[in-house]
Amino acid sequence: MRILLYRSDGDTGPWAEDFAAALPHAETVAWREGVATPPCDYAAVWAPPPAMLADLARVKAVFLMGAGVDGLLKFGDALPDVPIVRLGDAGMGEQMADYVLHAVLRYFRRFDEYAQQARQGLWNPLAARDKAEFSVGVLGLGKLGVPVLQALRRQGFPVRGWSRTPKDLPHMACYAGMETLDAFLADTRVLVCMLPLTPDTNNLLDRARLSRLPQGAYLVNVARGALVAEPDLLALIRAGHIAGATLDVFRNEPLPAPHPFWDEPRITITPHVSALTLRGEAVRQIATKIRLLEQGETVADVVDRQRGY
Ligand code: NAP
Ligand code: GLV
């Protein structure tokens, strides 16, 4: 068996070693533009270039080395008709839960305001907040959204989730569909975005929707930058309607300099690290799925191209 590897950062060597350990009978081939690719059974890729699509057309399935599928589905009709399998959690849910819990606690306990005060040499205790009134709403109840909500609930925050199809999850209010979004936003003090980027979610959080959040709300975006209309968010922060945002993802990455987000003290920026691919877990999951496919079984996390995720 041969597995074709590609990563936009070029670092396929450690992946080849881990695949050799997980699937001893498989040979790996690092894809290179302009170099003939031998016939391969599967591909494992992250952010492949258009020139690779012809070789992807010849494999039995394409595995993504990440959870988001927008980097592949963006090729539209040019994408070969081959099953695409993304990572399902693979250690990302716990990382997301840590990241989001940190951001929510930072806002709830006003650490962002104390940091600002300390820079000005101010000793000024602020009023305590009531956790029961600090509701956290998570957009997206998938492999990563659910562990985030569970962690927030364990920490005592009132939680609510929003998805495309109806859900029934213990101890949390579940909303579904566009017609419920305004009501969901109106009672959400911290909005956490965990949605895939699709034609339906692109620019979902625009001025009108962000304005539905209560005065003094916060935004945490750990999904994709294009879900948020960036100039609208900045305007609402400057107007004082949104008290702060923690952003891990941006419409253009790396976030260019200059960009007004860099200069806005109420925006906290991290460089797309809220849930990193853990290579060991990823290879184990992909190897298990390859074995299942070889036995004629079905596998989880196959991308539905119509839905876009
Ligand atoms: P997932 O399991 O596919 O879950 C997606 C969730 O979004 C589902 O609950 C789905 O609803 C909901 N959804 C999709 N379209 C919707 C719409 N139009 N309206 C309402 N709800 C909608 O995805 P995941 O594994 O949790 O990952 C979520 C995203 O996180 C990924 O797509 C990726 O972009 C991002 N991510 C970011 C990082 C990072 O480091 N920043 C790392 C990993 C992933 P249904 O349940 O009804 O289908
Ligand atoms: C990272 O952003 C991923 O989608 O895995």
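Note that ligands are numbered from 1 as they come in the structure, with each ligand's atoms numbered from 1 the same way. This chain uses plain numbering: 1 for the first residue, then up along the sequence. Keep in mind the model is a prediction, meaning the values are calculated, not measured.
- Ring-plane geometry between Y175 and F184 is classed as perpendicular, the angle between the planes exceeding 60 degrees on a 0 to 90 degree scale with a lower cut at 30.
- For ligand 2, the polar-atom distance check against M92 finds no nitrogen or oxygen pair separated by under 3.5 Å.
- Considering backbone and side-chain N/O of H272, one or more are found under 3.5 Å from N/O of ligand 2.
- Side-chain contact check for L219 versus L247: some heavy-atom pair is nearer than 4.5 Å.
- The shortest heavy-atom contact between C40 and V59 is O-CG1, 3.6 Å.
- Close approach of ligand 2 to G66 (heavy-atom distance below 4.0 Å) involves ligand atoms 5 (O).
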In a table with atom names and distances, give each donor-acceptor pair under 3.5 Å that connects a side chain of residues 165-173 to protein atoms at least two apart or in another chain.
from : atom 1 : to   : atom 2 : distance (Å)
T165 : OG1    : K167 : NZ     : 3.1

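- In terms of the side-chain hydrogen bond (donor to acceptor under 3.5 Å, both in side chains) criterion, R207 has no residue partners (sequence neighbours excluded).
- In this pair, F157 and F108 present their aromatic rings perpendicular. The plane angle is above 60°, beyond the 30 to 60° band.
- Between A67 and ligand 2, an N or O atom pair is found at a separation short of 3.5 Å.
- Every heavy atom of M65 sits 4.0 Å or more from the atoms of ligand 2.
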Inset, instruction - Quick one: do E133 and R189 satisfy side-chain contact (heavy atoms from CB on, under 4.5 Å)? Show the steps, please. - result: CA-CA 8 Å; E133 288 174 8; R189 185 71 188 273; over 6 Å; no
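- The distance from ligand 2 to the heavy atoms of R224 drops below 4.0 Å at these ligand atoms: 1 (C), 2 (O), 3 (C), 4 (O).
- Applying the side-chain hydrogen bond (donor to acceptor under 3.5 Å, both in side chains) test to K143 and every residue at least two apart in sequence or in another chain returns D301.
- When atom types are taken as modelled, the side chain of N252 and the backbone of L255 share no donor-acceptor pair closer than 3.5 angstrom.
- Ligand 2 places these atoms under 4.0 Å from at least one heavy atom of G68: 3 (C), 4 (O), 5 (O).
- Within the 4.0 Å heavy-atom shell around ligand 2 one does not find R86.
- Here the shortest heavy-atom pairing between S163 and L141 reads OG-CD1, 3.8 Å.
- Residues with a heavy atom under 4.0 Å from ligand 1: A67, G68, R86, M92, M96, G140, L141, G142, K143, L144, G145, W162, S163, R164, T165, K167, M194, L195, P196, D200, T201, V222, A223, R224, D248, V249, H272, S274, A275, Y309.
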